[in-house]
Amino acid sequence: MLTRNQSLKILLIEEDLADSMLIQDLLGSFSESLFRLQTVKSVEIGLACLEAENFDAILLDLSVSDSLEGREAISVLKARSPTVPIVVLTDINDENTALSVLRSGAQDCLVKGRFHRTLLVRAIHYAIERQQIEEQLRQQALRERLLGKMIEHIRSSIDTASILQSTVAEVRQFLKTDRVLIYRCQDGASQFDGEDQKGAIVAGDGLPLGYVDNQNISAALAVSCFVLVESQSVQAIADVSTADLAGSCKELLADCEMTAVVSVPIWQSGDWETVNQRLENTVWEEETTEDAAESYIWQQAICKPQVQGSSAPDSIAENGNSLWGMLTAYNCSGVREWQQWEIDFLQHLANQVAIAIAQSQLYRQLAIANQKLQQLATTDGLTGIANRRHFDRVLMLEWRRLAREELPLSLMIFDIDCFKLYNEFYGHLGGDDCLRQVAAAIAKAVKGGGDLAARYGGEEFAVVLPNTSAEGATAVAQKICDGIASLKLPHARSSICPYVTLSCGIATAIPSGGESRNTLIRSADSALYQAKTEGKNRICHASSKSESSPLFI
């Protein structure tokens, strides 16, 4: 705010020499340090002065012989220098005139010949103070709008990378600082968007090429994280070269071209980390080696950088939160006194970013859980291939699709020969292992993009082959049976072979909207029954002249 002893530079736009001399006399009665007056005779010249120099206030005579009218002159001056207050001088003692110039953007209106030195000085000071208040309110409204916009974007997205990148870009533009980044501090117990991030810059704006991979910068940011953990407060340094920092902290910050820096912590709930680990159900192996930049955090433990705030014994805050990372803004070209509103602004954003990170992680975990549920709903728990439910759905969809395209659909049903005897002799655990190996062999042989191998029920398996002719289906069935034969799974109780064998029934049809897919199933099942009754270990096609093809091992 303005102080009464502050030196003020005033631009007087007045063409009347007598009035100009009067103003100079009124302000000149003070010492030179209080008022520095520059007088011009037209608005046009005044605009040139505002372009070249900074002024604290403008005294404008509305009667100057310009092409502009009074209110228009005020608008032009405000457009050129919106933060410089204007005090209007006029010969017209009229309330409407005063209201008109105030609505146009002037801060005050004085009638010539009706004011003395004290009133003029008071008007100038009040005009400057009111303008400063208006500017502060305008800046606050602007900050609130920007903050609201950023929060809306953060809350409407679950893409963490996009949220972080847009945040640093908008912060840099708004604060008019050289560089802004978000640093993910060292933490081996959690992830960032599916990738292990241990001491990494995850978003940045204004960063030069190679900055992210620079080990010195990583070390400096790691130290900043350590300082935030120790202090439990914001790290705001106006001038790194004169800051009271212990150890090598000052040299590290200087090496990173950080002349003035402000860092605010991004905390995450310790409870969330526990939930995250439980949902992941993953044990992370500890790195055998650490980067020099990462280990530097712990090397600096003996330095105890001096910052304001209480210290904490470890990386867990008193409120049960752990440091996820930090939002950092800094100048490279000169010192900067960070304003409290700037720090508050960054802290508010850091809190929103923390919420967004937790939200993104939650959505990611829900997606993983949903994927696992989907797998459970469509996968046979014993064999790992598709279950009967998924088979029915795929067959229905392919039947409808190929009916529209008038293309063939083949279905194969396999049955393990003499499997009941196999279970009795090898036990149910041995039977389960046999089912798993047979399922794996079938899945390995079925590699078409739209093909599906499924457990049909018990010891029966089914294969759906879209856009596949009877000849093509036979080739796939033969490949599957050959694969089973190559396994040479012992079957001591088989009446046809010392190894596990399969019987197969194949049906092929061009689907029709007037028929049901169950027709195809019944045909394949009928062919399988024929293969069983004709001696097992063979492939049969469903047709009026079906012939079985015995398989010898």
Side-chain angles (χ1 to χ4, degrees), residues 377-380 382-383 385-420 422 435 438-439 441-443 445-446 448-481 483-484 496 500-551:
T378 59
T379 304
D380 178 63
L382 175 63
T383 62
I385 63 175
N387 59 15
R388 176 64 180 270
R389 178 182 179 183
H390 191 43
F391 162 81
D392 289 337
R393 182 174 181 275
V394 169
L395 184 62
M396 175 189 68
L397 295 176
E398 292 296 344
W399 182 272
R400 292 176 179 176
R401 180 178 70 86
L402 295 174
R404 293 192 301 269
E405 299 176 6
E406 297 183 351
L407 294 172
L409 175 63
S410 291
L411 172 64
M412 301 186 296
I413 300 179
F414 295 89
D415 183 84
I416 300 177
D417 296 325
C418 308
F419 188 71
K420 182 179 180 181
Y422 188 97
L435 290 172
V438 169
I442 293 175
V446 179
D451 299 344
L452 176 74
R455 186 180 181 189
Y456 192 67
E459 68 271 21
E460 289 186 336
F461 299 88
V463 176
V464 180
L465 300 173
N467 194 18
T468 303
S469 64
E471 292 77 10
T474 302
V476 174
Q478 186 66 57
K479 184 177 181 181
I480 290 172
C481 291
I484 297 299
I496 57 172
V500 171
T501 59
L502 299 179
S503 294
C504 175
I506 302 175
T508 302
I510 295 178
S512 170
E515 296 182 3
S516 169
R517 62 187 180 278
N518 290 332
T519 304
L520 188 67
I521 296 176
R522 283 192 292 267
S523 297
D525 198 50
S526 177
L528 175 62
Y529 179 77
Q530 181 182 348
K532 286 289 190 182
T533 57
E534 292 185 2
K536 304 181 180 65
N537 190 26
R538 64 192 62 225
I539 299 170
C540 284
H541 276 281
S543 65
S544 57
K545 298 180 180 180
S546 176
E547 295 182 359
S548 63
S549 303
L551 303 172

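In this chain, residues are counted from 1 in sequence order.
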So which atom in Arg455 and which in Leu435 form the shortest heavy-atom distance, rounded to 0.1 Å? NH2-CD1, 3.5 Å
Note: Leu402 and Asn467 closest approach over all heavy atoms is CD1-N, 3.7 Å
Can you tell me how far apart NZ (Lys536) and CD1 (Ile416) are? Round to the nearest 0.5 Å. 13.5 Å
Quick one: does Asp451's side chain get under 4.5 Å of Val464's, heavy atoms only? no
Smallest heavy-atom separation, Cys504 atom then Ala477 atom, equals SG-CB, 4.0 Å
Between atom CG of Asn387 and atom CG of Asp392, what is the distance when rounded to the nearest 0.5 Å? 9.0 Å
Are the side chains of Glu460 and Leu528 in contact, using a 4.5 Å heavy-atom criterion? yes
Please name the pair of heavy atoms, one in Ala507 and one in Ser523, separated by the smallest distance, quoted to 0.1 Å. CB-CB, 3.6 Å
His541 versus Thr474: any side-chain heavy-atom pair under 4.5 Å? yes
State, with a plain yes or no, whether a side-chain heavy atom of Phe391 is found less than 4.5 Å away from one of Asp380. no
Let me confirm one number: the CD1-CD distance from Ile510 to Glu515, rounded to the nearest 0.5 Å. 11.0 Å
In Å, rounded to the nearest 0.5 Å, how long is the span from CZ of Arg517 to CZ of Arg400? 7.0 Å
Would Lys532 and Asp417 pass as an ion pair if we require N to O under 4.0 Å? yes
Compute whether any side-chain donor of one residue and acceptor of the other, for Ser503 and Asp415, lie under 3.5 angstrom apart. no
Ala439 to Phe461 - nearest heavy-atom pair and separation: CB-CE2, 3.8 Å
For the residue pair Met412 and Ile480, what are the closest heavy atoms and their distance? CE-CD1, 4.1 Å
Among all residues two or more places apart in sequence or in another chain, which pass the side-chain contact (heavy atoms from CB on, under 4.5 Å) test with Arg522? Asn518, Thr519
Should Leu409 and Leu465 count as side-chain neighbours, where that means a heavy-atom distance under 4.5 Å? no
Interatomic distance, CZ@Arg393 vs CZ@Arg388, rounded to 0.5 Å, equals 16.0 Å
Could you state the interatomic distance from CH2 (Trp399) to CD1 (Ile521), rounded to the nearest 0.5 Å? 9.5 Å
With a 4.5 Å limit on heavy-atom distance, are the side chains of Thr508 and Thr468 in contact? no
